[in-house]
Amino acid sequence: LLRTNVAAIVDSVVVDGVKTSISSELFTTTADVNMVLGNITSSEYTTPTADGKDKSLLASKNRLSRLVCGDIDTISDDNIVSIANEVYEKQVHQVAEALAKVIKTTGINCIVLSDIKGGSVCMDAAGRFDVEVINLKDYINGDIISIITAVGAISMYIEKYTTDDVNVLEKIYEYFN
């Protein structure tokens with residue numbers, strides 16, 4: 001969850017104790033939020049930046065400060081970190097609301113995540129429920145985890161529309177190792 005425009009998550013944030021409206025421009029993404037919070041490193045910042053500049057902590061803080069039409073000279077570091085925390089918590093809440101609907105509708109008691117980067121938004125949201133939570137990154141190593149959703153879709157397609165007995169995950173694992 002690194003590509004999301006922060007303006008899609010919040011419409012205001014607290015700066016110096018004052019509820020402050022945000023710009024709806026694409027000034028910053030959740031990758032910057034997670035970078036500021038230390039949830040990802042610059043090498044794990046795998047999406048393009050909103051301004052096309054570098055993926056350093058300082059650049060992330062500057063992009064995040066633009067959310068309230070400021071910069072790192074006008075918005076304190078404490079406020080930037082506070083904004084990041086507020087956005088992160090709101091995103092976790094949004095994901096948890098969606099999970100609550102799925103749990104209520106389906107009655108599931110196990111959530112399987114492929115939460116590979118971007119902090120732990122999905123894990124934090126799933127942790128709010130009395131269900132088993134399995135994170136695939138605990139079982140599948142390496143590059144394959146980044147394509148696990150596509151692997152699942154391909155497997156379901158093969159199972160439904162062909163008579164072939166193919167273990168797609170096994171084939172891809174062999175390819176990567």
Side-chain angles (χ1 to χ4, degrees), residues 1-99 111-128 133-151 172 175-177:
L1 298 173
L2 299 177
R3 293 180 291 250
T4 307
N5 181 347
V6 172
I9 299 170
V10 295
D11 58 6
S12 65
V13 292
V14 175
V15 178
D16 287 329
V18 177
K19 184 177 178 180
T20 305
S21 296
I22 61 132
S23 172
S24 62
E25 292 291 323
L26 178 56
F27 286 133
T28 186
T29 65
T30 49
D32 294 316
V33 168
N34 283 287
M35 185 73 171
V36 168
L37 294 177
N39 294 336
I40 62 170
T41 64
S42 56
S43 64
E44 294 171 323
Y45 193 132
T46 55
T47 62
T49 63
D51 60 5
K53 295 189 178 169
D54 70 77
K55 299 173 180 182
S56 68
L57 178 59
L58 184 62
S60 288
K61 287 180 176 181
N62 203 37
R63 282 187 291 273
L64 196 54
S65 68
R66 288 194 189 108
L67 185 66
V68 290
C69 300
D71 58 35
I72 55 175
D73 295 324
T74 60
I75 307 297
S76 73
D77 197 63
D78 285 346
N79 276 314
I80 293 169
V81 172
S82 178
I83 290 167
N85 275 309
E86 190 173 346
V87 172
Y88 184 85
E89 287 305 316
K90 177 70 185 241
Q91 188 177 33
V92 168
H93 178 74
Q94 289 174 342
V95 172
E97 282 183 327
L99 277 173
I111 298 172
V112 179
L113 303 174
S114 61
D115 194 16
I116 56 170
K117 293 187 180 105
S120 302
V121 171
C122 295
M123 186 64 79
D124 289 348
R128 296 181 179 191
V133 179
I134 297 170
N135 195 334
L136 291 178
K137 75 177 181 181
D138 295 336
Y139 300 93
I140 301 171
N141 296 320
D143 295 331
I144 194 168
I145 191 70
S146 66
I147 60 167
I148 200 69
T149 304
V151 170
I172 292 174
Y175 176 80
F176 280 105
N177 289 311

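Pairing each heavy atom of V36 with each of A84, the nearest pair is CG1-CB, 3.8 Å. The shortest non-hydrogen separation linking T29 to A50 is CG2-CB, 4.5 Å. The minimum heavy-atom distance linking L37 with V81 is given by the pair CD2-O, 4.2 Å. When every heavy atom of A7 is checked against every heavy atom of S24, the shortest pair comes out as CB-CA, 3.8 Å. For the pair S65 and I72, the tightest heavy-atom approach, listed with the atom from each and the gap, is OG-N, 3.5 Å. Pairing each heavy atom of L64 with each of I80, the nearest pair is CD2-O, 3.7 Å.
Taken from SG in C122 to CG in L99, the straight-line distance is 7.5 Å, to the nearest 0.5 Å. Distance CZ/F27 to CG/N62: 11.0 Å, rounded to 0.5 Å. With rounding to the nearest 0.5 angstrom, the CD1 atom of I134 is 10.5 Å from the CD1 atom of I111. Rounding to the nearest 0.5 Å places OG1 of T41 at 10.5 Å from NZ of K55. Separation of atoms CD1 (I22) and CD1 (I83) is listed at 10.0 Å; rounding is to 0.5 Å.
S12 meets the side chain to side chain donor-acceptor pair (under 3.5 Å) test with no other residue; sequence neighbours excluded. Listed by chain and residue number, R128 satisfy the salt bridge (Lys or Arg N to Asp or Glu O under 4.0 Å) test with E89 (two or more places apart in sequence, or in another chain). Residues passing the side chain to side chain donor-acceptor pair (under 3.5 Å) test with T4, sequence neighbours excluded: none. Partners of R3 by salt bridge (Lys or Arg N to Asp or Glu O under 4.0 Å), not counting sequence neighbours: none found.
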### Message
Run the side-chain contact (heavy atoms from CB on, under 4.5 Å) test on M35 and S42 for me, step by step, so that the C-alpha distance in whole Å, both residues' side-chain angles and the decisive distance to 0.1 Å come before the verdict.
### Response
CA-CA 7 Å; M35 185 73 171; S42 56; 3.7 Å; yes
### Task
Take S82 and N85 through the side-chain hydrogen bond (donor to acceptor under 3.5 Å, both in side chains) test and state the conclusion after the steps.
CA-CA 5 Å; S82 178; N85 275 309; over 6 Å; no
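Judged by distance alone, with hydrogens and angles left aside, the side-chain atoms of S60 form a donor-acceptor pair with the main-chain N or O of S56 at under 3.5 Å. Side-chain atoms of T49 come within 3.5 Å of backbone atoms of G52 as a donor-acceptor pair (strictly under, hydrogens ignored). In terms of modelled atom types and a separation under 3.5 Å, the side chain of N34 and the main chain of T30 share a donor-acceptor contact. The backbone N or O of I9 sits less than 3.5 Å from a side-chain atom of Q94, completing a donor-acceptor pair. A donor-acceptor pair is defined here as one N or O able to donate and one able to accept, closer than 3.5 Å; such a pair exists between the side chain of E86 and the backbone of V14.
Residue pairs meeting the salt bridge (charged side-chain N to carboxylate O under 4.0 Å, His left out) criterion with at least one member in residues 22-42, sequence neighbours excluded, are D32-R63. Listed by first and then second residue, the salt bridge (charged side-chain N to carboxylate O under 4.0 Å, His left out) pairs that reach into residues 72-84 are K61-D77, sequence neighbours excluded.
With 3.5 Å as the limit, one finds a donor-acceptor pair spanning the side chains of D124 and Y88.
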